[in-house]
Amino acid sequence: MDAVRISAQLKDFPWGGLSFLQSLVQRPDRMGVPIGELWMGVHPNAPSTVLDTGENLASFLARNPRFLGDLREFPFLLKVMAIERPLSIQCHPDAKQAQKGWEGEAEKRKVLDRAVWNYQDANPKAEMLVALTETTAMCGFLSAKQIEKNLKKVLPQSYQRLLSHCEKQSDPVRCFVQTLYRLDKQTLEVTVAEYQEALEAQDEKPNPPFLNPSEIARQAVAQYGADPGVFGPYLLQVIHLEPGAGIFLKPGVVHAYVKGNGIELMNNSDNILRAGLTDKHVDYDELFSIMDTSYKQVEEILTTEEEGKFCYQTDDPFFSLCRFERGSYDETQTSVSLLFCIEGSLEVSKDSQRLSCGKGECLLLGAGLEQYHLEVDGCVYRASYPAKR
């Protein structure tokens, strides 16, 4: 049976959780250490291995191309996220932007450390997040009128002097963002101090376990001080996801996950253009060249349900995600997939062959498997390459 157990790789991040992922993969030795992500895939920044042999997953797939079927490379990256405080505000390139950016940094990669590359690979990056617990995120710009209203409220003294000219621009949102991000250090410090004072004066009521814009902003200012990303909660849509709900973010959508835990699925890429709330490398000019400033109301992903199987519907041709609750399922597939057990256990069988795994473990199913039986005692997520349309 074309199925193997693969490792899931923990990734440390200062914004990460102190226990969620550690408990999920049963690593008590990492309790109290901020772990933000659990990766499953072939990306070189944290590649999985085949557990029975210790072989790098990319090498295994190169030796066993039948697992990929018609694909030339593994198409996606599956993660579990544990978010204790806001990630960096960021966006990701589409296919043309990624290829151009990767090629344009060829010389840079020869002499500079990976930490200052804008492009980690030549792949586009769309992504989806499905909440495992109540989750708050910022994603996609608000309308120009709403941003104008917000900035007048939180920058009552500085707005006229710094930002009023944007109202007459053809793309006022881009103007608002670029003006704030290009403030000199002294002006930014004064502006953030005014912002902080306005935030403290607000009487917006908390909405636990979610965070409202003023709570996010106060937390960001306390953490990062004079960083233009602190204005994010009044530039971006703040949304709340109940467990099981998801969002899909196309390339170019500026976003930041704020608090919660979730399953994240994306193209096989680690391309990130950061827009503040980070101590890592930023390149605002490159960010401005790929960010989408148009207003589109962020909607939860539509799901289809069939007797305990929930599939999330997006228009991305490179990955798809389904959730299986406790039950028995006869499944078919035309390409490679991953099964990750978030709770309980699972068993895959075909004819007389069986392979199982428990909470926090992952199986790789090859394209040649085609049909299999799945027994779920808990909850399982399947990431796969969608059938050709």
Side-chain angles (χ1 to χ4, degrees), residues 7-17 21 30 33-49 55-59 62 73-74 76-127 178 181-182 184-185 188 220 223-230 232 249 251-252 254-257 264 266-291:
S7 67
Q9 306 288 72
L10 291 171
K11 296 271 285 182
D12 299 12
F13 290 99
W15 46 260
L21 291 175
R30 304 301 298 275
V33 177
I35 305 294
E37 299 180 353
L38 185 71
W39 286 31
M40 289 152 281
V42 300
H43 198 281
N45 285 0
S48 295
T49 59
E55 184 178 8
N56 180 283
L57 180 57
S59 298
E73 60 183 24
F74 195 76
F76 51 78
L77 178 60
L78 178 63
K79 300 181 183 180
V80 186
M81 307 283 288
I83 306 151
E84 194 61 32
R85 56 183 175 83
L87 280 69
S88 60
I89 302 174
Q90 57 192 255
C91 70
H92 313 298
D94 62 22
K96 289 182 179 180
Q97 292 163 341
Q99 187 65 43
K100 180 181 177 182
W102 176 255
E103 292 174 353
E105 292 191 337
E107 293 302 315
K108 184 178 184 178
R109 291 194 296 277
K110 294 178 182 178
V111 296
L112 295 178
D113 186 77
R114 180 183 291 274
V116 296
W117 301 357
N118 287 323
Y119 295 90
Q120 301 291 314
D121 49 70
N123 296 330
K125 187 176 178 182
E127 64 187 54
Q178 291 183 344
Y181 275 73
R182 287 172 172 162
D184 62 77
K185 182 179 180 181
L188 180 60
Q223 180 75 33
Y224 293 102
D227 180 319
V230 300
L249 303 175
V254 177
H255 63 280
Y257 302 135
E264 189 178 32
M266 62 191 66
N267 303 95
N268 182 33
S269 174
D270 197 27
N271 283 329
I272 301 173
L273 279 300
R274 296 179 178 86
L277 304 189
T278 182
D279 297 321
K280 294 184 177 181
H281 171 69
V282 295
D283 184 337
Y284 293 145
D285 288 335
E286 189 66 21
L287 166 76
F288 298 153
S289 74
I290 72 167
M291 71 180 185

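Keep in mind that what you see is a predicted model, and the values were worked out from it rather than measured.
Summarising the geometry, atom CE belonging to M81 is positioned 10.0 Å from atom CH2 belonging to W39; distances are rounded to the nearest 0.5 Å. The line from CG of L188 to CG of D227 is 7.5 Å long, rounded to the nearest 0.5 Å. From R30, atom CZ reaches atom CG of L21 across 10.5 Å, with rounding to the nearest 0.5 Å. Within the model, atoms CZ of R114 and CD of Q120 stand 5.0 Å from one another, a figure rounded to the nearest 0.5 Å. In this structure, the separation between CZ on R274 and CG on L87 is 9.5 Å, given to the nearest 0.5 Å. Note that CD1 of I35 is 5.5 Å distant from CG of L10, once rounded to the nearest 0.5 Å.
Using cut-offs of 30° and 60° on the angle between ring planes, the pair W15 and F13 is parallel.
Under the 3.5 Å distance criterion, the side-chain polar atoms of S88 are left unmatched by any main-chain donor or acceptor of Q90. With hydrogens and angles ignored, the 3.5 Å screen pairs a side-chain donor or acceptor of H92 with a backbone N or O of N271. One N or O on the side chain of S48 and one on the backbone of S7 form a donor-acceptor pair closer than 3.5 Å. Remark: the backbone N or O of Y119 is not paired with any side-chain donor or acceptor of R109 at under 3.5 angstrom. In this structure a side-chain-to-backbone donor-acceptor pair under 3.5 Å is missing from K79 to M266. The backbone N or O of W102 sits nowhere less than 3.5 Å from a side-chain atom of W117 that would complete a donor-acceptor pair.
Summarising the geometry of L273 relative to P93, their closest heavy-atom pair is CD2-CD, 4.5 Å, with the distance given to 0.1 Å. Across Y181 and P228, no two heavy atoms sit closer than the pair CD2-CG, 3.6 Å. The shortest non-hydrogen separation linking G229 to L277 is C-CD2, 3.7 Å. Between G41 and L57, the shortest heavy-atom contact is O-CD2, 3.8 Å. Looking at every heavy atom in both residues, P47 comes nearest to V42 through CB-O, 4.2 Å. Scanning both residues, A126 and P251, for their nearest heavy atoms gives CB-CD, 3.8 Å.
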Steps toward side-chain contact (heavy atoms from CB on, under 4.5 Å) verdict (C91, L287): CA-CA 7 Å; C91 70; L287 166 76; 3.6 Å; yes
List the steps, then state whether side-chain contact (heavy atoms from CB on, under 4.5 Å) holds for V80 with M40. CA-CA 9 Å; V80 186; M40 289 152 281; 4.1 Å; yes
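No salt bridge links K100 with D94; every basic N to acidic carboxylate O contact stays at or beyond 4.0 Å.
The shortest side-chain heavy-atom distance between H281 and L112 does not fall under the 4.5 Å cut-off.
Residue K96 places its NZ atom among 12 or fewer non-hydrogen atoms of other residues, nucleotides or ligands, all under 6.0 Å distant.
Under the side-chain hydrogen bond (donor to acceptor under 3.5 Å, both in side chains) test applied with H43, the options N267, D121, D270 reduce to a single match, D121.
Side-chain atoms of H255 and E127 form a donor-acceptor pair, as typed in the model, at a separation below 3.5 Å.
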